[in-house]
Amino acid sequence: MSSNSANKLVYGPDDTPRTKRDAILYSAQWIMIMFYPVVWGYSIVGKGLGFEGQDLCLYMTRVVFVIGASTLLQALFGHRLAMISGPNIIPSLAIVAACSVGGADYALESFNAFIIAGIIVAILSALGIMDKIGSVWTPLVSGAMILMVGLSTSTTGVSLVASDGFSMPFALGIGLALFCGWLSIKGRGLIATVPVLITIVIGYLAFIALGKFDWGLVASMPVFTIPQLFPYGISLPPIDLIVTMTVVTIFASANAYGNVEGYSEIVDAKQTEREHRRTFTIFGLIEHCLTGALGAPPTAPYGENLGFVLLTRVASRFFLICASIACIAMSFFGTIGGVMAAMPESVAGAVLIGVACTLIGIGARTMVQAGAFNTREIFIVGFSVFLALGTSFLPDSFFSETPRLVSTLLKNPVIMVIILTVIMEQLVMRKPQCRYAADTTSTACAENPPRITNSTDETK
């Protein structure tokens, strides 16, 4: 375990438990962490499409199932790392944008469109085309994307917290968001790994004590349920929706690529070309085709896994495999879906606000620590972030004359910030080649410009 000891891991990627205590403790720890992606499935698509009552309950059981199944199959046959897969914000926002552009029925057809998109991505992966993502996936692109995910998440979180107006739930939600952040900073040991779960539990208890928890929704669900295939019907989606969701899936795969690469470097398990192809084959066939068939948002390996392993120092996929199986089993209990569907909106919003703060910081750090971050880089990121975010907030009247495909992409700030950052960095403001390439001893190269220590001046 020499490579793992360098990172001071308690368990490396392929290690098995040394004691029964570790097997139970660390598997249970992953089960608790897996509640985190459930919030994303509830708050972005569940609430964004207006699911209510038993429809929301059944939707939540399917979300739990796809989280477990995607994580399990990736850990066994894909990237083979201890990485949770959960609802990805890029396709989730695309589904909500489709609802805004074409209505609820149009948005529900997105799930079938993702089945086709998943097959296309799986084919591209088999042909080795997806391996080319790394050539444009720079730290600037990665950082801008993470920053935008945080900003998008924060707006959704605030909307949920304020859903009951300026009232007790609003104050409680803000307090829970602060508590979640405080716990992630000050927590120690096991507590430091599950601030989201602790925040959710305290939030539930608070709303139960206030008499604002919907027990009727929980009671309406049968004890056992089986995730339904094609809950919104089987039909061929409109061509524009297929094209849109295929583009969305390609961008989501770029997000997944960055997450897996970053994690594999931390645990010293660099992915080979073959492993990349396995990862994206499962990404297409399972995390898009299967999830689409079940009417759940597409999933992807989370970038937050990097934070989990740094906190827990446990990178063994054995424990995550056990937790994934438990997650799949829980999805067959209707009562669990009811409890999750009855999640108070202020609690979900509080979690998203807490997570958003972390993501915004991680995005900024990713860009700054990557190397030179001067006037050029600042302008690229600033222009891309604010144009993408501002466009997503434009009124519907602005998009009335644009094709639905274009409108759906423009309303997705995460996709737009990736497109804009790549265009700005690789084309519009591309760095010139080194003028002194022939002089191997010279350091006067545009790729590594001299740094001036005087804070009043900058190297452009």
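Owing to the predicted nature of the structure, the values given are computational and were not obtained by experimental measurement. Quick note: residue numbers are just sequence positions, from 1.
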Residues forming a side chain to side chain donor-acceptor pair (under 3.5 Å) with [X], sequence neighbours excluded:
{"X": "N112", "result": "none"}
{"X": "Y204", "result": "none"}
{"X": "T402", "result": "S407"}
{"X": "T272", "result": "E275"}

(request) Quick one: which residue pairs count as a salt bridge (charged side-chain N to carboxylate O under 4.0 Å, His left out) with a foot in residues 196-208, not counting sequence neighbours? (result) none

(message) According to salt bridge (charged side-chain N to carboxylate O under 4.0 Å, His left out), does anything in residues 136-149 pair up with another residue at least two apart or in another chain? List the pairs.
(response) none

Only distances under 3.5 Å count here; give the side-chain donor-acceptor pairs of residues 220-230 to other protein atoms, sequence neighbours excluded, each with its distance to 0.1 Å.
| from | atom 1 | to | atom 2 | distance (Å) |
| --- | --- | --- | --- | --- |
| S220 | OG | L217 | O | 2.6 |

(request) Sequence neighbours left out, what passes side-chain contact (heavy atoms from CB on, under 4.5 Å) with S110? Give chain and number order. (result) I95, A98, F114, L241, M245

(request) Just jot down the side-chain contact (heavy atoms from CB on, under 4.5 Å) partners of A256, sequence neighbours excluded, or say none. (result) F280, F283, A300, P301

(request) Write out all pairs satisfying ring-ring contact (aromatic ring centres under 6.0 Å, His included) with one or both partners inside residues 63-113, taking only residues at least two apart or from two chains. (result) F111-Y232

(message) Under 4.0 Å between a side-chain nitrogen and a carboxylate oxygen: does that hold for R430 and E425?
(response) no

(request) Please collect all side-chain hydrogen bond (donor to acceptor under 3.5 Å, both in side chains) contacts where either partner lies in residues 157-170, sequence neighbours excluded, each pair once. (result) S163-E345

Side-chain polar contacts of residues 169-181 - donor-acceptor pairs under 3.5 angstrom, sequence neighbours left out - could you list them?
none

